[in-house]
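Please read these numbers as outputs of a predicted model, since none were measured by experiment. Scope of the values below: all heavy atoms of this structure, side chains included, with no hydrogens, waters or symmetry mates.
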Amino acid sequence: MEWGDVRIFLAVLRKGSFGEAARSLGVSHPTVGRRIKALEAEAQQALFRRTRDGLVLTDAGDRVLALAEAVENSALAMERRLAGNHERLEGILRISSAEWFANYVLAPVLCELTRRHPAIVPEVIASYRLLNLSRRDADIAFRIVPFTEPDIVQRRLMSIPYALYGSPETAHIAQHNPAAVGLILMNTAQSHFSDVAWLLDRFPLSRRVFTSTSRAVQAQMCQRGMGIAVLPRPIGDAIAGLQSIPMPESPPSKDIWVGYHSDLRHMDRLRVMLDIADAMLADPATSATRT
């Protein structure tokens, strides 16, 4: 079984159909179907069976799954090692972060990176989804939670302060008639965030009027007078028409963690970005203990 066939086999398993697997790999639907049929012909038995929920492994497919994943891990490790030893300051650098962090915090770092090294092309994947660094979904990631995957080099980069924001009108309502103001929150999947608990605790009689995973969308709703929201200060302070609302106690701040796979520790374009990020963003105590 060739590595290309392993990739297609695993993509079909993970996506549940030939079409979705083809889209994820950037190949045609017939190519995926043809390669799977060739694999099954060589194995002389079916590897997948069709169900209402999509394609699933047969017993034969299940028996080779662990071997296929081992081949994938070896191929990806080789790819990371080769990328990590790339000495030229050029090429794509895949960066994962939340959209608000890329827009309002990381943007100056990326501009400085390309100014100093114009052959490096930053590719920002702006999403709350925690990408898999072992599979090279991204080369480097910035998160508000520490990394738990094995073989990840990580450290706390900085702390982001948060504040309560609203339009001038909603800010006035929040201070003089708190029960009448609407609350703009993260959606259900992020309802465990500390800023959500902080806001609900301080405005227990106020009703939820809007939820979103996007801090930028929350800020826009605030600006339009829909309600109040806890926002990272880099967003709230930058948007005209928003004002911070004084509170006896500020919302909890959040740490930003930066991480990359240990195989990429010698990748020069990653190292120069980290140097710039440290110089422009890192808390002094963090910079002093950089590893």
Side-chain angles (χ1 to χ4, degrees), residues 80 83-84 93-113 116 120 122-164 186 189-199 213-216 218-219 230-238 244 249-291:
R80 290 193 304 269
L93 181 65
R94 292 188 290 272
I95 304 157
S96 170
S97 81
E99 184 177 5
W100 70 265
F101 188 80
N103 273 332
Y104 294 94
V105 180
L106 205 56
V109 173
L110 301 177
C111 288
E112 182 64 15
L113 174 66
R116 295 187 194 180
I120 296 177
E123 181 181 284
V124 176
I125 306 162
S127 170
Y128 271 107
R129 189 164 61 93
L130 302 182
L131 300 185
N132 190 321
L133 299 183
S134 296
R135 290 184 181 160
R136 292 294 305 280
D137 291 343
D139 298 318
I140 183 172
F142 297 84
R143 298 179 181 174
I144 61 172
V145 294
F147 296 77
T148 58
E149 305 93 320
D151 302 318
I152 300 299
V153 179
Q154 65 173 308
R155 68 175 184 275
R156 192 183 73 86
L157 176 68
M158 63 189 299
S159 180
I160 296 285
Y162 282 58
L164 184 63
M186 301 299 288
Q190 283 81 34
S191 61
H192 62 282
F193 281 15
S194 56
D195 57 279
V196 174
W198 183 92
L199 187 55
T213 59
S214 170
R215 297 289 190 184
Q218 292 177 16
V230 175
L231 299 171
R233 292 204 71 118
I235 301 178
D237 292 349
S244 61
E249 179 186 356
S250 297
S253 60
K254 285 189 172 66
D255 290 336
I256 299 295
W257 294 80
V258 58
Y260 54 92
H261 197 280
S262 59
D263 288 343
L264 299 184
R265 61 187 177 275
H266 299 304
M267 178 189 278
D268 282 352
R269 57 187 183 272
L270 185 150
R271 300 305 304 180
V272 296
M273 181 189 171
L274 282 174
D275 289 341
I276 296 171
D278 277 336
M280 297 179 69
L281 302 178
D283 295 334
T286 303
S287 297
T289 58
R290 176 180 170 180
T291 58

Which is it for Val258 and Arg155 under the side-chain contact (heavy atoms from CB on, under 4.5 Å) test, yes or no, and what are the steps along the way? CA-CA 6 Å; Val258 58; Arg155 68 175 184 275; 4.0 Å; yes
What's the verdict on side-chain contact (heavy atoms from CB on, under 4.5 Å) for Leu281 and Ile256, showing C-alpha distance, side-chain angles and the deciding distance? CA-CA 10 Å; Leu281 302 178; Ile256 299 295; over 6 Å; no
Asp151/Asp263 under side-chain contact (heavy atoms from CB on, under 4.5 Å): CA gap, chis, key distance, verdict: CA-CA 8 Å; Asp151 302 318; Asp263 288 343; over 6 Å; no
Between Gln190 and Thr213, does a side-chain contact (heavy atoms from CB on, under 4.5 Å) hold up when you go through it step by step? CA-CA 7 Å; Gln190 283 81 34; Thr213 59; 3.1 Å; yes
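Here the straight-line distance linking atom OH of Tyr104 with atom CD of Glu99 works out to 9.0 Å at 0.5 Å rounding. How far CG of Asp283 is from OG of Ser159: 6.0 Å, rounded to the nearest 0.5 Å. A distance of 11.0 Å separates CZ of Phe101 from CD1 of Ile235, quoted to the nearest 0.5 Å. Taken to the nearest 0.5 Å, the CG atom of Leu93 stands 5.0 Å off from the CG atom of Asp139. In this structure, CE in Met186 is found 9.0 Å from NE2 in His192, a value given to the nearest 0.5 Å. With rounding to the nearest 0.5 Å, the separation of CG in Leu164 from CG in Leu231 is 8.5 Å.
Ile140 has its side chain out of reach of Met267: every pair of non-hydrogen atoms, C-beta onward, lies at least 4.5 Å apart. Leu110 has its side chain within reach of Ile95: a pair of non-hydrogen atoms, C-beta onward, lies under 4.5 Å apart. Side chains of Met158 and Val105 form a contact here, defined as non-hydrogen atoms less than 4.5 Å apart. Side-chain contact check for Ile160 versus Pro234: some heavy-atom pair is nearer than 4.5 Å. The shortest distance between side-chain heavy atoms of Leu106 and Met273 falls below 4.5 Å. Annotation: side chain of Pro232 is not in contact with side chain of Lys254 (no heavy-atom distance under 4.5 Å). Looking at Arg215 and Asp195, their side chains come closer than 4.5 Å, going by heavy atoms from C-beta outward.
In this structure, Ile120 and Arg269 approach most closely via the heavy-atom pair CD1-CB, 3.5 Å. Between Pro251 and Tyr162, the shortest heavy-atom distance links the atoms CD-O, 3.6 Å. When every heavy atom of Pro122 is checked against every heavy atom of Leu113, the shortest pair comes out as CG-CD2, 4.0 Å. Nearest heavy atoms, Trp257 versus Gln154: CE3-OE1, 3.5 Å. Arg265 and Arg271 make their closest contact through O-CD, 3.1 Å (heavy atoms, listed as atom of the first residue, atom of the second, distance).
Listed by first and then second residue, the salt bridge (charged side-chain N to carboxylate O under 4.0 Å, His left out) pairs that reach into residues 101-110 come to none, sequence neighbours excluded.
By the 4.0 Å N-to-carboxylate-O rule, Arg116 lies too far from Asp275 to be salt-bridged with it.
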Would you give me the side-chain donor-acceptor pairs under 3.5 Å for residues 141-149, sequence neighbours excluded?
residue : atom : partner : partner atom : Å
Arg143  : NH1  : Glu149  : OE2          : 3.4
Arg143  : NH2  : Leu131  : O            : 2.9
Arg143  : NH2  : Glu149  : OE2          : 3.2

